[in-house]
Amino acid sequence: KVRSRISIQHMRLGVSCDWDREVFTLDEGPQKAVRTTFKHLYADGLIYRGERITNWCPRCQTALSDLEVDHEPSQGKLWYFKYPLLDDNGNPTDDYIRVATTRPETMLGDTGVAVHPDDDRYRDLVGKYAILPLVGRRIRIVADDYADPEAGSGAVKITPAHDFNDFEVGKRNDLPAVNIMTVDADITLAGNEDFLAGVAQSAELDATIEALDGLDRFAARTRVVEMMEERGLLAEIEDHLHSVPHGDRGGVPIEPFLTDQWYVDAKTLAKPAIASVREGRTVFVPKNWEKTYFDWMENIQPWCISRQLWWGHRIPAWYGPDGEVFVELTEEEAEAAAFRHYGSRVKLERDEDVLDTWFSSALWPFSTLGWPEDTPELETYYPTSVLVTGFDIIFFWVARMMMMGLEFMDEEPFHTVYIHALVRDEHGAKMSKSKGNVIDPLQLIDEFGADALRFTLAAMAAQGRDIKMSTSRVAGYRNFATKLWNAARFCEMNECRPVAGFEFWSATLPVNRWIATEADNMIARVTAALEGYRFNEAADAVYHFVWDQYCDWYLELIKPVLGGDDETSKTETRATAATVLETVLKCLHPFMPFISERLWSEFGFGDDVLALERWPEKTFEDSAAAADINWLVDLVSAIRSVRAEMNVPAGAKTDLVLVGASTETAERLSRHRPVIQRLARVEGVSTADSSPAGSAQILVGEATVALPLQGVIDFDAERQRLEKEIAKIDSEIGRLDKKLSNDSFIAKAPEDVVAAE
RNA sequence: GGGCGCGUAGCUCAGUGGGAGAGCACUUCGUUGACAUCGAAGGGGUCGCUGGUUCAAUCCCAGCCGCGCCCACCA
């Protein structure tokens, strides 16, 4: 169900997948890959089985890896207990050693007390014994660096079977591990051989078993505290803020638990995986995630891969009657191996456990391509190129694919790991099914269209930053899609069709050479941005080119041409408009696949889907044409601006008088006269030696453009406008003067910067 | 405890060692004219605070304040 929903989302977003090659993790191929890798790693000693302390989820009743455990802050208590000391003859004394615990029930499994070797308070007690209250077990006081003199009383109770640190301390100091819980995390004492070992029968022990046996750990916690208090052995209770490990699926506190599990020697496998990134054979984008990768990989712990679940890849291990282990690909092979071992046919029991789901995922880059078979797909597609994923998956998956890929393929599974942003809800919280704050992409697609959503995600995908989904942005890009659609409609209406063999260099009109220059600049920006995985910059470049250049100016500037009667100009302009549109569609296709493909086929740019090899290249540049049209754009903008500020009615036309212009400017003006008249609402155009009285004046380059507004102009408003402009220019002059009179600026700033000022 | 990141216009966010931009929102004007999901013109920011480096800091460095996330076995 989940899988199909994800597929629908991908398809509706226009993801171009090869759906014929869909693979499921429990398919035949991946199954074989899992067993093969398991067998090899076992044979090499990189997978082993052992009794170790493990994260145990009492609710799911399975072991978990460290990654599946979340630490949640919790306001708890710190209980201080008094453990009576024994003298050298093993008799009780009146002295106590104080220990502190957040989990009193675990005391039933205590087998020692640790103090720091340099802690003077306890130096004399090392090697002596205390008596464990409620139980009567003799527990040894050991010196171990783990004990922190600053923490609690400086003496720490050791429960090797129910605490990770204590397990290590116990191993170092040869303390037995006493498991006092069932897989449900209920206390089990009666008939618990480990618990009863070496403990003398007593009325107190019987009372403890009577009171606690079978209680769940939290009920037992309360009861243990009460019983200690009744005996006067509860010294103190403190409030204590600490973090409690929870299983990420079961949601209940983890119980560190001593069980037999299968482990991967991750430390050994991590070494080449670290080197690959260290030496740049695989890079992370953005690069700072490499630190996260290194930190984890360098401190990696054995990976517990067995799970006591019914669903998953079954561990390919079989046990003989005496517990001998046979790891093989199939039951038949295991039986054959057992026959060789025992010299006779024996009945084998298969390991009940399944593998951590991430084990098979780690093999994905090659297991899906037919490995361990030597297939053409494997040859062609391994190594892959770019892995796109979220940061929360670096440890679970990326790191493990690196390890397994290097181990079995001798080559990194991908050269780049692009860590994309997480889409968060409008408040910035991570979306999760349980929180119910998921924004459904399908709903956004229904409302704004797949292209709008997809473009939004690209436009907001600035590196190293998460995305707070903004509906108004999606709406804005929906408008952009409409804008493009309408621009294409304009082209269609004006018979702007692709012309075979046409290229920008053959255009003669400045306006065409200008848009060609701008289009090719856009191509360069988009290309550079995509190559650097800066998808937001790429999207932004296309967006602004289409809207600000192509639609706002180019299409407006060519209207007089298309409406004129110069057939040669019309032909070249139509071809240019179409070719630029074609370029836009190519560049836009990764961001807006649906609309670009539709327009592409409607315009007959080619009948194939926009293929990657058609990605355009920057080939055209005409800076003279660019300067020419930019002058025009500036002029029209300035006139519009003045008209608006002078409150010239939008429909009213004004005359234009050019004053003090160079011949080049005069020539430009006359050449662009039709467009200026159209776009700036200008009627008569003339030149003069000085501005006519009662006109608004605009400085464009070296020339002054005067708009005679006799009868229209509000002199106060014009005075205000000019004063504002003067003030602005004055302050600019002041700033530059100050800068240029600063000797160290002249001396130290780069020449081009000085010249520019 | 360690690490990463963020703080820029009312909101959501780009960005750069040489006086800062977008979308939305806002103000004014405008619909025979590709597009009102639009066009034209505007208003609005001491670029978190304090120091330092530099001819020049929103950008680099340090400290501080506020916020978010990841990792971690603190009894």
Side-chain angles (χ1 to χ4, degrees), chain A residues 53 66-67 71 78-80 99-103 106 114 146-148 150-159 163-168 240 242-243 245 256 286 288-289 291-292 295-296 299 301 391-392 394-395 422 424 426 428-430 448 452 456 459-460 462 464-494 536-537 540 543-544 548 551-552 555-556 559 563 636-637 640-645 647-651 678-679 681 731-732 735 739 742-750 752-754 756-757:
Chain A
I53 191 149
D66 296 342
L67 285 179
H71 290 83
L78 195 56
W79 287 274
Y80 287 82
V99 294
T101 180
T102 55
R103 297 185 297 150
T106 63
Y146 166 65
D148 177 1
E150 306 293 318
S153 61
V156 56
K157 66 194 251 336
I158 300 299
T159 322
D163 183 282
F164 283 85
N165 287 308
D166 293 5
F167 181 76
E168 295 301 325
H240 186 64
H242 61 151
S243 59
N288 51 307
W289 289 109
K291 183 168 174 50
T292 304
D295 286 351
W296 190 71
N299 297 301
Q301 298 298 309
F391 77 88
D392 52 343
I394 293 175
F395 304 145
L422 248 43
R424 298 176 177 275
E426 55 185 329
K430 189 172 166 179
F448 300 106
T456 306
M460 296 184 82
R465 187 155 172 155
D466 285 344
I467 295 174
K468 262 188 255 181
M469 183 45 75
S470 155
T471 313
S472 68
R473 283 286 286 267
V474 186
Y477 292 125
R478 183 267 324 268
N479 295 353
F480 174 63
T482 309
K483 185 75 179 174
L484 177 72
W485 184 262
N486 285 318
R489 216 171 73 185
F490 173 84
C491 288
E492 199 185 358
M493 285 169 57
N494 287 283
N536 58 318
E537 284 182 28
D540 198 60
Y543 179 95
H544 284 108
D548 300 347
C551 291
D552 282 355
L555 295 185
E556 294 302 327
K559 278 175 184 172
V636 170
S637 298
R640 283 171 171 174
S641 190
V642 168
R643 285 173 54 102
E645 287 189 48
N647 291 318
V648 176
R678 181 192 185 92
L679 297 184
R681 304 245 176 202
S731 96
E732 183 72 0
R735 196 183 59 97
K739 216 169 189 179
N742 183 336
D743 290 341
S744 36
F745 172 74
I746 303 293
K748 295 187 181 174
D752 55 325
V753 174
V754 178
E757 304 289 3

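Proteins get letters first, then strands, A, B, ... in listed order; numbering begins at 1 in each. Values reported hereafter were calculated over all heavy atoms of this structure, with side chains retained and with hydrogens, waters and symmetry mates removed.
With both ends at atom P, the span from B:rC71 to B:rG39 equals 46 Å, rounded to whole Å. Between B:rC65 and B:rC24, the two P atoms lie 39 Å apart (nearest whole Å). Going from the C1' atom of B:rG68 to that of B:rU31 covers 47 Å, rounded to whole Å. B:rG15 and B:rC59 have their C1' atoms separated by 9 Å, with the value rounded to a whole Å. Remark: the separation of the P atoms in B:rG51 and B:rC38 is 46 Å, to the nearest Å. Rounded to the nearest Å, the gap between the P atom of B:rC4 and that of B:rC60 is 15 Å. B:rC47 and B:rG17 are spaced 15 Å apart, taking the C1' atom of each and rounding to whole Å. B:rC11 and B:rG33 are spaced 36 Å apart, taking the C1' atom of each and rounding to whole Å.
Between the CD atom of A:Glu645 and the P atom of B:rG42 there is a distance of 6 Å, rounded to whole Å. Between A:Asp66 atom CG and B:rC73 atom P there is a gap of 6 Å when expressed in whole angstrom units. When rounded to the nearest whole Å, the span between CG of A:Asp743 and P of B:rA56 equals 13 Å. As a whole-Å value, the separation of A:Glu537 CD from B:rA14 P is 12 Å. When rounded to the nearest whole Å, the span between NZ of A:Lys468 and P of B:rC24 equals 19 Å. Taking atom CG of A:Asn536 as the reference point, atom P of B:rG21 lies 18 Å away to the nearest angstrom. In this structure, A:Asp466 atom CG and B:rU12 atom C1' are separated by 14 Å, rounded to whole Å. Rounded to whole Å, atom P of B:rC35 lies 11 Å from atom CD of A:Glu556.
Residue A:Gly154 is in base contact, counting any heavy-atom pair closer than 4.0 Å across all strands shown. Using a 4.0 Å heavy-atom cutoff across all strands shown, A:Pro750 reaches at least one base atom of the nucleic acid. The residue A:Tyr543 sits close only to the backbone: its heavy atoms come under 4.0 Å of sugar-phosphate atoms, none of a base. Residue contacts for A:Phe480: at a heavy-atom cut-off of 4.0 Å it reaches no nucleic acid atom on any strand shown. Residue A:Cys491 is classed as having no contact, given no heavy-atom separation below 4.0 Å to the nucleic acid. Using a 4.0 Å heavy-atom distance criterion, A:Asn288 is classed as a sugar-phosphate-only contact. Contact annotation for A:Arg640: backbone-only contact, meaning every heavy-atom pair under 4.0 Å involves sugar-phosphate atoms and none involves a base. At the heavy-atom level, A:Ala749 lies under 4.0 Å from base atoms of the strands shown.
Residue whose closest nucleotide on RNA chain B sits further toward the 5' end, between A:Thr102 and A:Asp295: A:Asp295. Mapped onto RNA chain B by nearest heavy atom, A:Ala488 and A:Ser472 fall at different nucleotides, with A:Ser472 at the one closer to the 5' end.
Across the strands present, B:rA57 finds no partner; the criterion is a Watson-Crick or G-U wobble pair with both atom distances under 3.5 angstrom. B:rG23: Watson-Crick or G-U partner is B:rC11, with both key distances under 3.5 Å.
Contact of A:Lys291 with B:rC4 (side chain to base): no donor-acceptor pair of N or O atoms is detected under 3.5 Å. Taking 3.5 Å as the limit, the base of B:rG33 and the side chain of A:Arg681 contain a donor-acceptor pair of atoms between them.
Proximity of a side-chain donor or acceptor of A:Thr456 to a complementary backbone N or O of A:Ala452 within less than 3.5 Å is detected.
Rounding to the nearest 0.5 Å places CG of A:Asp163 at 10.5 Å from CD of A:Glu168. Separation of atoms NZ (A:Lys483) and OH (A:Tyr477) is listed at 15.5 Å; rounding is to 0.5 Å.
Contact of the A:Arg681 side chain with the A:Val648 side chain is not registered, since no non-hydrogen atoms from C-beta on lie closer than 4.5 Å. The closest side-chain heavy-atom distance from A:Tyr146 to A:Val156 is below 4.5 Å.
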